[in-house]
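Step one of this worksheet: look at the structure below.
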Amino acid sequence: MPQLDFRMQAGSFALDVKLSAPDGGVLALFGRSGAGKTSIVRAIAGLARPSAGSIEIGGRTLFDAARRIDVPAEERAVGYVFQDSRLFPHLSVAGNLRYGLKRAKKGPIGFDEIVDLLGIGDLLARRPWNLSGGERQRVAIGRALLAQPRILLLDEPLASLDPARKAELLPYLETLHAQTRVPVVYVSHALDEVVRLADTLAIVDRGRIAACGPLGEVAGRLDLRPLAGRFEAGAVIDATIDRHDRHYALSVLAFAGGELAVPLLDAPEGSGVRAQIRARDVLLATQKPEGLSARNVLAGRIVDLIPEEGAYAELAVAVGATRLIARITRAALDELDLAIGSPVFAIVKSVAVDRIAIFRESIGRRGG
């Protein structure tokens with residue numbers, strides 16, 4: 001994965017990028033439009049040249065100003081998929097895919113594998129103009145993968161799609177890395193996409209990396225809320241299916257902080273899942289509630305608090321080694337006399353479980 005330490009001027013916009021991401025998985029570059037995300041991936045791809053510093057991918061130096069290394073874009077073994085698919089209009093889908101093979105040295109990713117993975121077998125004879133936006137992006141991803149890249153750069157691949165086309169493409173993106181083993185850098189300004197896809201999250205702000213780390217860790221930081229967005233924010237938890245209660249159609253998830261009951265999951269006990277608990281779905285109480293329909297009540301302690309100028313405040317609640325985020329009114333904050341250090345009970349109204357994470361984890365076990 002990228003090890004970046006470079007400076008670059010893009011018109012009047014200056015970048016000063018320092019980022020070190022773990023090998024493998026999906027690294028998301030997240031931030032508002034204009035934050036510098038695309039400029040970063042263009043520098044990785046060799047489409048923009050930094051003025052100083054270095055770029056390293058998987059232990060291979062692609063750029064080093066001090067050592068005068070600047071590997072040409074066509075020799076970097078980087079797959080790049082743009083917002084618009086940029087398919088060749090005069091070629092069929094099969095022709096576009098085979099163009100990727102022509103550019104590559106022999107590698108592990110085969111034509112039939114990509115066709116099956118992306119579900120494009122019935123599109124092979126079509127021309128790009130006869131495809132939906134989601135279909136074009138799938139073909140563009142397939143072409144990039146068939147070039148046998150060391151890393152795949154996806155630059156806001158859903159940004160130009162309507163909600164229906166996004167829903168069409170997301171399941172393919174969710175299983176991409178697990179199936180191909182190609183590390184992915186995913187650029188987005190949509191938090192819901194990042195939560196579903198990323199293993200590592202880097203927040204980009206005004207040409208700099210404001211934070212980088214495991215998705216759940218970065219997503220749980222209150223100081224990053226102005227950059228990450230408020231209303232859809234929340235905790236992202238890696239959990240394991242501990243047991244099923246088929247009588248009540250529930251599954252119990254074990255995580256570093258306790259257990260969560262969710263609607264029955266179609267996966268074996270022991271499977272890994274990703275759960276998201278939105279800040280708006282967490283209530284706080286100073287005493288353990290009784291006679292409550294909510295199944296998930298977790299004891300914790302307030303470890304961070306940010307009152308806002310409007311009606312709301314956001315609080316981080318440590319539940320064991322896990323942080324939950326709660327969004328409550330400032331009136332409730334004062335009435336309950338809550339402060340950093342206060343013991344509370346977090347009442348979780350709803351848990352969103354990423355079912356695709358179950359699939360990704362099972363693929364990882366079989367492939368590892």
Side-chain angles (χ1 to χ4, degrees), residues 28-37 156 158-159 163 166 187-196 198 201-237 257 260 274-289 292-294 296-319 322-352 354:
L29 299 181
F30 172 79
R32 295 190 177 96
S33 296
K37 306 182 299 296
E156 304 240 27
L158 306 182
K166 287 183 180 182
V187 174
S188 181
H189 62 270
L191 190 61
D192 60 332
E193 296 172 21
V194 168
V195 166
R196 290 179 68 170
L201 174 59
I203 295 184
V204 185
D205 179 45
R206 293 174 291 184
R208 289 171 169 76
I209 305 299
C212 181
L215 173 66
E217 178 182 306
V218 176
R221 284 178 51 181
L222 290 187
D223 61 312
L224 299 174
R225 282 294 178 261
L227 305 177
R230 298 176 303 169
F231 292 99
E232 296 305 312
V236 180
I237 298 170
L260 292 166
R274 174 172 291 172
Q276 183 183 17
I277 302 175
R278 300 186 188 277
R280 65 189 182 193
D281 288 331
V282 178
L283 303 177
L284 297 181
T286 54
Q287 297 181 7
K288 188 173 184 177
L292 198 65
S293 63
N296 296 308
V297 180
L298 303 167
R301 184 174 300 275
I302 296 173
V303 293
D304 200 0
L305 187 158
I306 299 181
E308 300 179 4
E309 294 182 358
Y312 294 95
E314 288 193 338
L315 303 90
V317 179
V319 178
T322 299
R323 277 192 176 198
L324 301 183
I325 307 298
R327 186 173 176 82
I328 66 174
T329 64
R330 291 173 59 207
L333 181 71
D334 289 343
E335 289 170 7
L336 295 175
D337 194 25
L338 297 178
I340 293 177
S342 297
V344 292
F345 290 90
I347 303 155
V348 180
K349 296 188 294 180
S350 178
V351 181
D354 179 5

Subject >> Between CD1 on residue Ile325 and CZ on residue Arg278, distance to nearest 0.5 Å >> reply: 13.5 Å

Original post:
CZ/Arg196 to CZ/Arg274 distance, rounded to the nearest 0.5 angstrom?
Top reply: 11.0 Å

**OP:** Look only at the side chain of Lys37 and the backbone of Val204, and say whether a donor-acceptor pair between them is shorter than 3.5 Å.
**Re:** no

Subject >> Close side-chain approach of Thr286 and Ser342, heavy atoms under 4.5 Å >> reply: no

Subject >> Non-hydrogen atoms of Val194 and Ser188 that approach each other most closely >> reply: CG2-CB, 4.1 Å

Original post:
What closest approach, in Å, do Ala318 and Val303 show between heavy atoms, and which atom pair accounts for it?
Top reply: CB-CG1, 3.6 Å

**OP:** Run the numbers on Val344 and Leu315 for side chain to side chain contact (heavy atoms under 4.5 Å, CB included), then give the verdict.
**Re:** CA-CA 11 Å; Val344 292; Leu315 303 90; over 6 Å; no

**OP:** Specify the closest pair of heavy atoms between Val319 and Gly300, including all atoms of both residues, with the distance to one decimal.
**Re:** CG2-CA, 4.4 Å

Original post:
Hey, what do you get for CG (Leu29) to CD (Glu156), rounding to the nearest 0.5 Å?
Top reply: 10.0 Å

Original post:
Which heavy atom of Arg330 sits nearest a heavy atom of Tyr312, and at what distance?
Top reply: CG-O, 3.4 Å

Subject >> Separation of Thr329 OG1 from Leu336 CG (nearest 0.5 Å) >> reply: 8.5 Å

Subject >> Where Leu222 and Leu305 come nearest, the two heavy atoms and their spacing >> reply: CD1-N, 3.8 Å

Subject >> Ile237 side chain reached by Leu324 side chain, heavy atoms, under 4.5 Å >> reply: yes

Solution key, residues 212-219 side-chain donor-acceptor pairs under 3.5 Å, sequence neighbours excluded:
none

Subject >> Distance, nearest 0.5 Å, that separates CD1 of Ile277 from CG of Leu298 >> reply: 7.0 Å

Original post:
At what distance, to the nearest 0.5 angstrom, does CZ of Arg32 lie from CD1 of Ile203?
Top reply: 10.0 Å

Subject >> Nearest heavy-atom neighbours spanning Glu314 and Arg327 >> reply: OE2-NH1, 3.1 Å

Original post:
Can you tell me if Arg301 uses its side chain to pair, donor with acceptor, with the backbone of Gly341 under 3.5 Å?
Top reply: yes

